[in-house]
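Numbers restart at 1 for each chain; the letters A, B, ... are given by sequence-line order, proteins then strands. Note that the structure is a prediction, hence the values are computed from the model and not measured.
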There are 2 protein chains.
Amino acid sequence: MKNRLRVLRAERAWSQQDLAERLEVSRQSVNAIETGRYDPSLPLAFRIADLFDLAIEEIFHNPAKDDQ
Amino acid sequence: MKNRLRVLRAERAWSQQDLAERLEVSRQSVNAIETGRYDPSLPLAFRIADLFDLAIEEIFHNPAKDDQ
DNA sequence: TATCAATGTCAACTGTCTTTTACATTAAGG
DNA sequence: CCTTAATGTAAAAGACAGTTGACATTGATA
């Protein structure tokens, strides 16, 4: 599962801490998701998509699949 | 997190076991997701969306939000 | 150089997801 | 009735998600 979180965050010039506060998670969670250590839960993925006003599929994608 | 899994499955006349095999998860996982005991992981949500050829947002939605 | 913000990571912990095994209930068909 | 398929649920265990607290590194700047 890859994601564009770092790019989306950079476009807004937010720190990981900024993003964490908007998502109501810890800074470490944001970092772990950005660095690919683990995937967010489905509810958190929805919060992320809502925050950036994008579909989940526009932020996350499966590298095993050759789509997107 | 609510979902339309039961309806989508019924439209295809699949048993929970049938769906579980297509998703490569246990029947109990399908049942737990359908009955709302827990949400799938993000990777599983993608497999579900791929199987039904729908966006994740067309299958899952947040009852806390008044959209959809 | 000293400081500060931002980032990466680790350990330990709690809670969630998913599994296997198992058992109960219901509905349909012989 | 008896059997079978489908479904709901539970317990125990392992893997994963998310927390707090802590420490190290880097880059910018006073």
Side-chain angles (χ1 to χ4, degrees):
Chain A
M1 209 79 278
K2 286 187 172 297
N3 71 75
R4 304 203 308 122
L5 210 50
R6 175 153 306 187
V7 173
L8 294 169
R9 183 171 63 80
E11 285 173 355
R12 287 155 184 80
W14 292 342
S15 67
Q16 291 183 347
Q17 180 66 51
D18 292 334
L19 177 53
E21 284 169 10
R22 287 171 207 261
L23 294 172
E24 299 183 291
V25 295
S26 69
R27 175 183 72 83
Q28 287 85 342
S29 286
V30 169
N31 183 273
I33 293 165
E34 282 195 1
T35 57
R37 280 212 302 280
Y38 53 72
D39 299 318
S41 67
L42 186 59
L44 178 51
F46 266 87
R47 298 213 298 280
I48 293 169
D50 284 351
L51 178 61
F52 291 109
D53 203 25
L54 291 170
I56 288 179
E57 288 84 353
E58 291 175 307
I59 303 177
F60 300 92
H61 68 276
N62 201 330
K65 289 216 43 159
D66 47 18
D67 54 21
Q68 178 106 204
Chain B
M1 204 85 274
K2 286 186 171 297
N3 70 76
R4 304 203 308 122
L5 211 49
R6 175 155 304 188
V7 173
L8 295 169
R9 183 172 62 81
E11 286 173 354
R12 288 153 184 82
W14 292 342
S15 68
Q16 291 183 345
Q17 180 66 50
D18 293 333
L19 177 54
E21 283 168 11
R22 287 171 206 262
L23 294 172
E24 298 184 291
V25 295
S26 68
R27 176 183 71 82
Q28 286 81 348
S29 286
V30 169
N31 182 273
I33 294 165
E34 282 195 0
T35 57
R37 281 213 299 281
Y38 51 71
D39 299 319
S41 66
L42 186 58
L44 179 51
F46 266 87
R47 298 212 299 281
I48 293 169
D50 284 351
L51 178 61
F52 291 110
D53 202 27
L54 292 170
I56 288 180
E57 288 84 353
E58 291 174 308
I59 303 177
F60 299 91
H61 68 277
N62 201 330
K65 288 214 42 155
D66 45 19
D67 54 22
Q68 177 107 207

Student: Extract, from 5' to 3' on DNA chain C, the first and final nucleotides lying under 4.0 angstrom from some heavy atom of chain A.
Tutor: dT7(C) to dC10(C)
Student: Would you indicate whether the side-chain heavy atoms of F60(B) and D39(B) approach each other to under 4.5 Å?
Tutor: no
Student: Tell me which residues in residues 17-32 of chain B put a heavy atom below 4.0 Å from DNA chain D, sorted by number, or none.
Tutor: R27(B), Q28(B), N31(B)
Student: Rounded to the nearest angstrom, tell me the gap between atom OH in Y38(B) and atom P in dC16(D).
Tutor: 15 Å
Student: Where does DNA chain C form stems of at least three consecutive Watson-Crick or G-U wobble pairs, each pair having both distances below 3.5 Å?
Tutor: C:1-30 with D:1-30
Student: Any chance you could measure R4(B), atom CZ, to L54(B), atom CG, to the nearest 0.5 Å?
Tutor: 6.5 Å
Student: For a side chain to side chain contact (heavy atoms under 4.5 Å, CB included) with L42(B), tell me which candidate from N62(A), L44(A), L42(A) qualifies.
Tutor: L42(A)
Student: For the NE2 atom of H61(B) and the CZ atom of F46(A), what is their distance to the nearest 0.5 Å?
Tutor: 9.0 Å
Student: Roughly, in whole Å, what's the span from CG in L5(A) to P in dG18(D)?
Tutor: 12 Å
Student: Measure the distance from CG on L44(B) to P on dA17(D) and round it to the nearest whole Å.
Tutor: 12 Å
Student: Could you tell me if the side chain of L19(B) sits less than 4.5 Å from the side chain of L51(B), heavy atoms only?
Tutor: yes
Student: For R47(A) and E24(A), work out which heavy atoms get closest and say how close.
Tutor: NH2-O, 4.0 Å
Student: Nearest-Å distance, CD (E34(B)) to C1' (dT9(D))?
Tutor: 14 Å
Student: Is the closest side-chain heavy-atom distance between E58(A) and F52(A) below 4.5 Å?
Tutor: no
Student: Measuring only between side-chain heavy atoms, which start at C-beta, is E21(B) closer than 4.5 Å to Q17(B)?
Tutor: yes
Student: Between C1' on dA17(D) and CZ on F60(A), what's the gap in Å once rounded to a whole number?
Tutor: 13 Å
Student: Has the side chain of N3(A) got a donor or acceptor atom that lies under 3.5 Å from a matching backbone atom of I33(A)?
Tutor: yes
Student: Between N31(A) (side chain) and Q28(A) (backbone), is there a donor-acceptor pair under 3.5 Å?
Tutor: no
Student: Between R9(A) (side chain only) and W14(A) (backbone N and O only), is there a donor and an acceptor less than 3.5 Å apart?
Tutor: yes
